[in-house]
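Here's the structure we're looking at; comments come further down.
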Amino acid sequence: MIPIAKPYLTKEDAQAAYDTILTGWITQGPRVAEFEENFARYTGAKYAVAVSNCTTGLHLAMIVAGIQEGDEVICPSMSYIATANSIKYVGAKPVFAEVHQVTYNLNVEDVKQRITPRTKAILLVHQIGMPADIAAFRALCDEHHLILIEDAACAIGSSYQGKKIGSHSDLVCFSFHPRKVISTGDGGMVTTNNEAYYNRMKLLRQHGMSINDRVRHSSSKIMFEDHVEVGYNYRMTDIQAAVGIQQLAKLDWIVGERRKIAQRYAAELGDISFIRLPKENEGYVTNWQSYSIYLKPECPVKRNDLMQALLDIGIASRRGVMTAHRETAYQEECAGLSLPATEDACDNSIIIPLYVPMTDDEVTTVIKGIRSCLQV
Ligand SMILES: *Cc1c(COP(=O)(O)O)cnc(C)c1O
């Protein structure tokens with residue numbers, strides 16, 4: 001059986017967790033601080049704040065951006081549902097916009113149509129690792145005085161116009177769920193160049209507490225904390241951070257391996273006229289968190305039949321990225337909302353296996369399997 005994905009975890013990662021447990025410091029402490037420093041350096045952002053997962057990171061981003069009840073935030077429906085949910089957490093309304101037909105990233109023209117006097121921010125998703133056109137959205141946000149927030153859950157190691165994702169905006173949220181390119185079990189990070197955002201996110205992730213454990217622990221004077229606002233427990237543990245430090249050190253190599261596999265898919269499936277493969281435009285470098293193929297209307301095999309046929313020969317696949325507006329939780333408020341490009345992209349695409357290490361033979365098996373199921 002060839003799986004759709006698997007995390008790349010090694011003995012060093014396990015050893016780092018083991019060593020950290022034996023230090024006796026297992027929740028947010030020195031390893032978290034080190035991971036944050038390394039992460040900021042890697043992405044080129046000034047600051048990084050580790051959190052329990054990307055969803056809690058997005059929630060903090062919404063709070064520090066000042067998004068509140070009655071506000072609207074434009075985002076794609078075609079994304080993991082946590083994107084839209086994070087807007088709901090602060091009482092605001094997700095306004096779903098269409099995606100581009102090839103990249104599946106937000107369509108800037110469509111977003112423009114949906115700006116109202118209530119719009120406060122745009123939540124830009126880098127779809128399955130492919131960078132969105134940050135400059136275009138930055139210009140749109142500047143023109144309309146909106147805040148730009150990036151959901152970069154899948155995009156660690158991707159870059160846009162020569163700079164790593166994480167360095168372009170003031171609120172960029174990453175995930176270390178095992179389905180992403182590097183993992184800490186669960187985990188997340190928010191990067192920012194804004195010192196006020198940075199300080200407030202550090203407070204909010206730890207119950208609004210004015211003194212962190214590391215500072216108190218190393219102080220020679222007794223210290224008493226204050227809780228300066230209502231916060232949350234969104235901490236990452238030192239055990240996770242120790243794994244994250246190891247994973248981050250391997251990230252560029254992992255991305256390089258993923259790119260080789262994607263190159264083979266492009267070279268060896270590119271001649272099939274009735275499927276469309278993803279395309280990396282000039283200035284956009286993806287980490288290929290997922291590899292999605294689109295079945296054009298003239299494709300002789302229906303999407304679900306292709307997925308079943310692949311499964312029958314031992315190859316896992318997944319439907320294309322979900323749409324939030326058709327999920328039960330959003331159906332009522334989205335009644336009557338029509339997003340044809342989004343629905344078409346979701347309903348007619350599949351994600352095929354891509355992970356590290358994936359052997360040449362496994363890549364060949366997937367390519368041959370797809371070709372035989374499509375009879376080409
Ligand atoms: C995975 C994912 C999330 C959620 O990440 P968690 O770390 O699991 O909370 C949010 N947005 C997108 C686009 C994702 O792919």
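Heads up: numbering here begins at 1 and tracks the sequence. Both ligands and their constituent atoms are indexed starting at 1 by order of listing.
- Taking atom 3 (C) of ligand 1 as the reference point, the nearest protein heavy-atom neighbour is A153 CB, 3.7 Å.
- One N or O on the side chain of E36 and one on the backbone of A50 form a donor-acceptor pair closer than 3.5 Å.
- Counting protein heavy atoms only, atom 9 (O) of ligand 1 is closest to T55 OG1, 2.5 Å.
- In plain terms, the two heavy atoms of A92 and Q68 that are nearest each other are CB-O, 3.7 Å.
- Residue pairs meeting the ring pair (Phe, Tyr, Trp, His ring centres under 6.0 Å) criterion with at least one member in residues 282-301, sequence neighbours excluded, are Y160-Y284, Y265-Y291, W288-Y291.
- Using a 4.0 Å cutoff on heavy atoms, K180 counts as a contact of ligand 1.
- The ring-ring contact (aromatic ring centres under 6.0 Å, His included) check on Y232 picks up H59, Y234, with sequence neighbours excluded.
- Side-chain contact annotation: D13 with T10, donor-acceptor N/O pair under 3.5 Å present.
- Given atom 7 (O) of ligand 1, the protein heavy atom at minimum distance is S175 OG, 2.7 Å.
- In terms of polar-atom proximity, defined here as any N/O pair under 3.5 Å, C54 does make such a contact with ligand 1.
- Under the 30°/60° scheme for interplanar angles, the aromatic rings of W253 and Y8 are found to be tilted.
- Atoms of ligand 1 lying under 4.0 Å from at least one heavy atom of N53, given by number and element, are 7 (O), 9 (O).
- For the pair K164 and Y42, the cation-pi test (distance below 6.0 Å, angle within 45°) is passed.
- In this structure, G188 falls outside the shell of residues with a heavy atom less than 4.0 angstrom from ligand 1.
- Of all atoms in ligand 1, numbered sequentially from 1 with element shown, those under 4.0 Å from a heavy atom of C154 are 15 (O).
- Distances between N or O atoms of D151 and those of ligand 1 include at least one value under 3.5 Å.
- Distances below 4.0 Å separate heavy atoms of T83 from the following atoms of ligand 1: 11 (N), 13 (C).
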